[in-house]
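Input: a single structure, listed below in structure tokens.
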Amino acid sequence: MITVSLDTWRTRLSLTVRATDRPGLERNMRHLLTTEVARLDALASRFREDSELSAVNRGAGQWVDVSWQFVTVLTACLDAARATGGLVDPTLGRAIKAAGYDQWAQQSTETAPRAHSGAWRQVGIRPGPSGAQVLIPEGTALDLGSVAKGWLADRLATTVRRAGHDVLANMGGDIRVMATQPWTVWSDPELPSVPASPVDLTDAAIATSGIGHRQWVGGHHIIEHHIIDPRTGTPAATGWHSVSVVAATAAQANAAATAAVILADDAPAWLSRQGLDARLVARTHITTTGRWPSEVAA
């Protein structure tokens, strides 16, 4: 095994291949990882004034020139919104800021602490004079967040697999495997009382979404987190500490896991209707769907 990793976005990103050490392979993997992460950051970071996403947010209500590569990332996020009935909405950037996420991320951006609604169906994309153009409704802001990490895991895994290697791309818990033989990965809810659960993947993905890692103390000493319920514009009221979902791609797995956290008690039935294998972890019990092995209560 050869693994390269990068600590950024307050998480760890890694790329692993099943291979013996070959001249230049590790160097090439590291170059690929750092290059693609830097490219995505320049496209989709809310915390960079020079990113294409920041330009779109500054120009809310107007058509803004962007690259087609930015459109590719945005489209993955709009696909996630469509697949989840709008539960995973990329136009909730103001709501995420208002909840206090940017302070947790040690960024100095602020938004008035009130509910902000999303409007993903009103996002426009069209050809422009020298690339593409994007329009978001006035009063909204994009946050492509975790779906973009899943998109990156899929992109990296596909690139390495084309070179003939079995690969596991792990973008902070959004994991894409493309391999000839099963690869065991672990669903870790990050609760001391709940063990990690193994899953074998060959050409598939797993993502874990939850409220345990990115949380902070908000107003009135209430514990807040980064998963926004678009039906309220505020952090989701959920009993799930984490949800792990297996899907065809990491972007799809991430969207489904995030939607399940938002759906709270309705999540198991929704995941079952989608035909998805999932593990939902609360502090008092564990629920599984699909082919995920049943477990006793924690």
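Residues take their numbers from the sequence shown, with the count starting at 1. Computed from heavy atoms alone, side chains included, the values below leave out hydrogens, waters and symmetry copies.
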Query raised in the report: Can L74 and L144 be said to form a side-chain contact (heavy atoms from CB on, under 4.5 Å), step by step?
Result: CA-CA 7 Å; L74 175 60; L144 306 187; 4.1 Å; yes
Taking atom [atom1] of [X] as the centre, report whether more than 12 heavy atoms of other residues, nucleotides or ligands fall under 6.0 Å from it.
X	atom1	value
R18	CZ	yes
R121	CZ	no
D50	CG	yes
R126	CZ	yes

Going by distance alone, is a donor N or O of one side chain under 3.5 Å from an acceptor N or O of the other, for [X] and [Y]?
X	Y	answer
S14	S5	no
T3	T16	yes
W151	T72	no
E52	S67	yes

Is [Y] close to [X] at the side-chain level, that is, under 4.5 Å between some pair of heavy atoms?
X	Y	result
W292	S197	yes
T91	V123	yes
Q181	T202	no
Q62	E138	no
D65	P129	yes
I227	T258	yes
L201	P182	no
I136	V134	yes

Flag, side chain of [X] to backbone of [Y], donor-acceptor distance under 3.5 Å:
X	Y	result
S187	S244	no
T288	R279	no
T140	P137	yes
S54	R48	yes
S209	S242	no

Query raised in the report: OG/S51 to CG/L142 distance, rounded to the nearest 0.5 angstrom?
Result: 10.0 Å
Query raised in the report: Measuring from E26:CD to M29:CE, what's the distance to the nearest 0.5 Å?
Result: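 Between E26 CD and M29 CE, I get 7.0 Å after rounding to 0.5 Å.
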Grouping I, L, V, M, F, W and Y whenever their side-chain heavy atoms are under 4.5 Å apart, do [X] and [Y] come out in a common cluster?
X	Y	value
W186	V167	no
V147	V66	no
V88	L152	no

Might you point out which heavy atoms bring [X] and [Y] nearest each other, and give the distance in Å?
X	Y	result
L135	G61	CD1-C, 3.4 Å
W270	A256	CZ3-O, 3.8 Å
I262	I228	CD1-O, 3.4 Å
Q133	W63	O-CZ3, 3.6 Å
W240	T287	CH2-OG1, 3.8 Å
A207	A257	O-CB, 3.9 Å

Report task. Check the pair R155, R39 against side-chain contact (heavy atoms from CB on, under 4.5 Å), reporting the backbone distance first and the verdict last. Result -> CA-CA 12 Å; R155 178 179 173 87; R39 180 177 289 122; 4.0 Å; yes
Requested in this report: Quickly, which of V4, I2, L6 forms a side chain to side chain contact (heavy atoms under 4.5 Å, CB included) with R30? Name it, please.
Outcome: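 Of V4, I2, L6, side chain to side chain contact (heavy atoms under 4.5 Å, CB included) with R30 is met by V4 alone.
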Hey, can you pull the donor-acceptor pairs under 3.5 Å for the side chains in residues 168-178, sequence neighbours left out?
from, atom 1, to, atom 2, distance (Å)
N170, OD1, G172, N, 3.4
N170, OD1, G173, N, 2.8
D174, OD1, N254, ND2, 3.3
D174, OD2, G150, N, 3.3
D174, OD2, N254, ND2, 3.2
R176, NE, D154, OD1, 3.2
R176, NH1, D203, OD1, 2.7
R176, NH2, D203, OD1, 3.3

Report task. Identify, with sequence neighbours excluded, every residue that meets side-chain hydrogen bond (donor to acceptor under 3.5 Å, both in side chains) alongside N28. Result -> none
Report task. Go through D166 and R161 one step at a time and tell me if the salt bridge (Lys or Arg N to Asp or Glu O under 4.0 Å) criterion holds. Result -> CA-CA 6 Å; D166 283 6; R161 184 63 190 148; 3.1 Å; yes
Report task. Output every pair passing side-chain hydrogen bond (donor to acceptor under 3.5 Å, both in side chains) with a member in residues 75-87, not counting sequence neighbours, ordered by first then second residue. Result ->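 Output for this query lists D79-R82.
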Query raised in the report: Please walk me through it: do L280 and I286 pass side-chain contact (heavy atoms from CB on, under 4.5 Å)?
Result: CA-CA 6 Å; L280 303 93; I286 299 171; over 6 Å; no
